[in-house]
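Structure, as structure tokens:
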2 protein chains.
Amino acid sequence: MAERKSSEERREQIIGATLRIVARKGFASVTLRDVATEVGIAHGLIRHYFAGRDELVAAAFDHAVTAELASDEQLLAGLDPIAALAAWFSTTPEDHYLVWIDAWSEAPRNPALAAALERHHRDCERILADVIRRAVAAGAASTADVDADSRMLTALADGLAVQAHAMSIVDAREADDIVFGAVEARLAIAPGSLAAAGRAPARGQWLG
Amino acid sequence: MAERKSSEERREQIIGATLRIVARKGFASVTLRDVATEVGIAHGLIRHYFAGRDELVAAAFDHAVTAELASDEQLLAGLDPIAALAAWFSTTPEDHYLVWIDAWSEAPRNPALAAALERHHRDCERILADVIRRAVAAGAASTADVDADSRMLTALADGLAVQAHAMSIVDAREADDIVFGAVEARLAIAPGSLAAAGRAPARGQWLG
DNA sequence: ACCGTTATTGTCCAGTTGGACAATATTGGA
DNA sequence: TCCAATATTGTCCAACTGGACAATAACGGT
């Protein structure tokens with residue numbers, strides 16, 4: 001029998017394995033058996049921790065994004081507003097976004113996942129709005145409606161991520177240029193400032 | 001035995017059924033048996049027309065989008081450039097976009113689908129670029145780089161579609177306002193022109 | 001009237017799936 | 001030390017999957 005673990009430890013192990021499989025093969029092809037094999041346990045055990053397959057993938061998505069956004073928020077807090085904008089919009093690692101895209105397509109048929117998705121999307125808009133407010137307060141940007149800016153720029157970043165990761169329409173460099181330009185235009189920031197502030201320091205690992 | 005049909009007729013019937021199932025349950029849950037039941041034939045017959053499941057869904061996506069874009073392009077050609085921009089960016093019916101989103105998430109694991117997706121995405125960018133060029137030629141818009149505009153605005157529309165359809169972050173009206181504003185700003189069109197040009201006439205049906 | 005072509009069916013298969021459950025091993029506390 | 005709680009296993013199941021295939025029915029041309 002496999003080593004006996006504490007409840008929380010095992011739970012996180014299962015979630016980590018689920019995320020690794022999602023990154024490789026997508027939400028739709030997560031099977032309890034694959035997850036169990038990856039962890040090294042019997043597949044029946046997963047039902048001891050999660051009510052069913054849908055709840056498992058929803059919990060995995062929620063866990064990953066919660067951790068990632070907390071880490072990102074901490075990172076941004078340590079940067080000046082312009083650098084924070086550059087960091088936030090720099091192209092995210094491919095693994096990351098493929099999971100989001102998969103979640104979008106699964107959400108209409110998985111209520112728990114849809115709820116997590118909506119919650120975290122609003123988190124993203126809030127985090128960006130906060131950075132924009134800091135930039136405005138610092139006199140580095142100006143705008144009439146921060147929330148509208150945040151919503152529009154978040155949508156743009158999502159769309160570019162699709163072009164970059166789901167299709168091979170643009171590479172990371174081009175995507176950054178496009179979104180940086182749009183941010184500068186929208187927030188009346190001097191063109192080139194974001195690129196000058198440097199591309200992103202690595203955003204956190206979350207595959208566990 | 002079911003009524004005997006011509007090869008092409010049956011083929012289109014199968015594709016239509018596939019699309020209806022995709023719209024209901026997503027690409028990943030298309031099964032040969034469901035498709036066969038929807039058409040009213042034996043599931044073995046599908047293999048007479050398509051090499052396998054992946055080829056079936058890729059062919060269905062390709063067929064649908066090809067028809068839709070041709071019809072859209074014809075519609076746009078009959079409108080003045082500003083009205084054409086308004087029509088192109090008006091929120092697309094939900095069925096439509098859920099299929100695109102599903103395709104994005106399936107593409108990394110279905111090469112035939114990925115090829116169709118990339119091709120049609122470029123079609124979209126080209127169609128929009130043509131409309132922008134008409135607007136510029138008519139003196140109704142100005143820009144430095146039509147292709148960059150087209151790419152950026154297409155990405156924005158995709159991202160907003162995700163917010164509208166995969167999540168319930170914005171409704172169709174808000175999404176239109178956001179994208180209209182972005183188009184006007186980017187192309188130096190007088191604010192409000194697009195909304196004034198009227199929201200879209202219905203874009204074509206494509207579920208057969 | 002014949003025949004080759006092909007559209008169509010029904011049936012079989014081996015593999016995989018999520019879930020249920022009884023049996024067992026291990027723990028932590030009284 | 002004993003017991004209750006719970007972590008863990010292994011096994012079973014009914015449902016469903018894509019695919020293979022031989023048998024058959026309907027067609028179009030000659």
Side-chain angles (χ1 to χ4, degrees), chain A residues 1-22 24-61 63 102 105-107 109-113, chain B residues 1-22 24-61 63 102 105-106 109-113 208:
Chain A
M1 202 174 299
E3 184 188 3
R4 191 190 176 100
K5 301 250 177 164
S6 80
S7 189
E8 286 202 3
E9 201 172 353
R10 186 62 89 195
R11 199 187 164 86
E12 283 178 13
Q13 223 182 351
I14 293 173
I15 282 182
T18 303
L19 287 172
R20 262 171 275 130
I21 291 173
V22 168
R24 272 206 300 277
K25 309 199 287 179
F27 270 110
S29 32
V30 169
T31 71
L32 300 184
R33 278 175 175 81
D34 278 355
V35 173
T37 301
E38 175 110 4
V39 180
I41 56 176
H43 83 276
L45 182 55
I46 297 181
R47 290 228 354 144
H48 197 71
Y49 291 91
F50 299 92
R53 199 205 79 108
D54 286 356
E55 288 75 12
L56 169 63
V57 297
F61 178 79
H63 181 274
D102 251 354
S105 87
E106 193 89 344
R109 292 170 298 275
N110 183 341
L113 184 58
Chain B
M1 199 173 301
E3 185 189 2
R4 190 187 175 102
K5 301 251 179 165
S6 81
S7 189
E8 285 202 4
E9 199 173 354
R10 186 63 88 194
R11 197 186 165 85
E12 283 178 13
Q13 226 183 347
I14 293 172
I15 283 182
T18 304
L19 288 172
R20 260 171 277 132
I21 292 172
V22 168
R24 273 205 300 277
K25 309 199 287 179
F27 270 111
S29 31
V30 168
T31 72
L32 299 185
R33 278 175 176 82
D34 278 357
V35 174
T37 301
E38 174 109 5
V39 180
I41 55 176
H43 84 276
L45 181 57
I46 296 181
R47 291 230 351 144
H48 196 71
Y49 291 91
F50 299 92
R53 200 207 78 110
D54 286 356
E55 288 74 11
L56 169 64
V57 297
F61 177 80
H63 181 273
D102 250 356
S105 87
E106 193 88 346
R109 293 170 296 276
N110 183 341
L113 184 57

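Proteins get letters first, then strands, A, B, ... in listed order; numbering begins at 1 in each.
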Interatomic distance, B:Arg47 CZ vs D:dT17 C1' [rounded to whole Å]: 14 Å
Whole angstrom value for the distance that separates C1' of C:dT6 from CD of B:Glu8: 15 Å
5' precedence on DNA chain C between A:Val30 and B:Tyr49 (nearest-nucleotide basis): B:Tyr49
Contact under 4.0 Å: B:Arg10 side-chain N or O vs C:dT8 OP1/OP2: yes
Protein-nucleotide distance (A:Leu56, atom CG; C:dT17, atom P), rounded to Å: 14 Å
Approximate separation, where rounding is to 0.5 Å, of A:Ile15 CD1 and A:Tyr49 OH: 11.5 Å
Qualifying residue, where the test is side chain to side chain contact (heavy atoms under 4.5 Å, CB included) with A:Val30 and the options are A:Asp54, A:Leu19, A:Thr18: A:Thr18
Whole-Å gap separating C1' (C:dG10) and CG (B:Leu45): 12 Å
Touch class at under 4.0 angstrom, heavy-atom based, for A:Leu32 against every strand present: sugar-phosphate
Value in whole Å for how far the P atom of C:dA7 lies from CD1 of B:Ile41: 12 Å
Distance, nearest 0.5 Å, that separates CZ of B:Arg11 from NE2 of B:His63: 9.0 Å
Protein-nucleotide distance (B:His43, atom NE2; D:dG19, atom P), rounded to Å: 9 Å
Atom-to-atom span, CZ of B:Arg33 to C1' of C:dT11 - whole angstrom: 10 Å
Atom pair distance, as rounded to whole Å: CD in B:Glu9 and P in C:dA7: 12 Å
Gap between atom CZ of B:Arg10 and atom CD1 of B:Ile41 - 0.5 Å precision: 5.5 Å
N or O in side chain of A:His48 less than 4.0 angstrom from D:dT8 OP1/OP2: no
First encountered from the 5' end of DNA chain C, between A:Glu55 and B:Gly44: B:Gly44
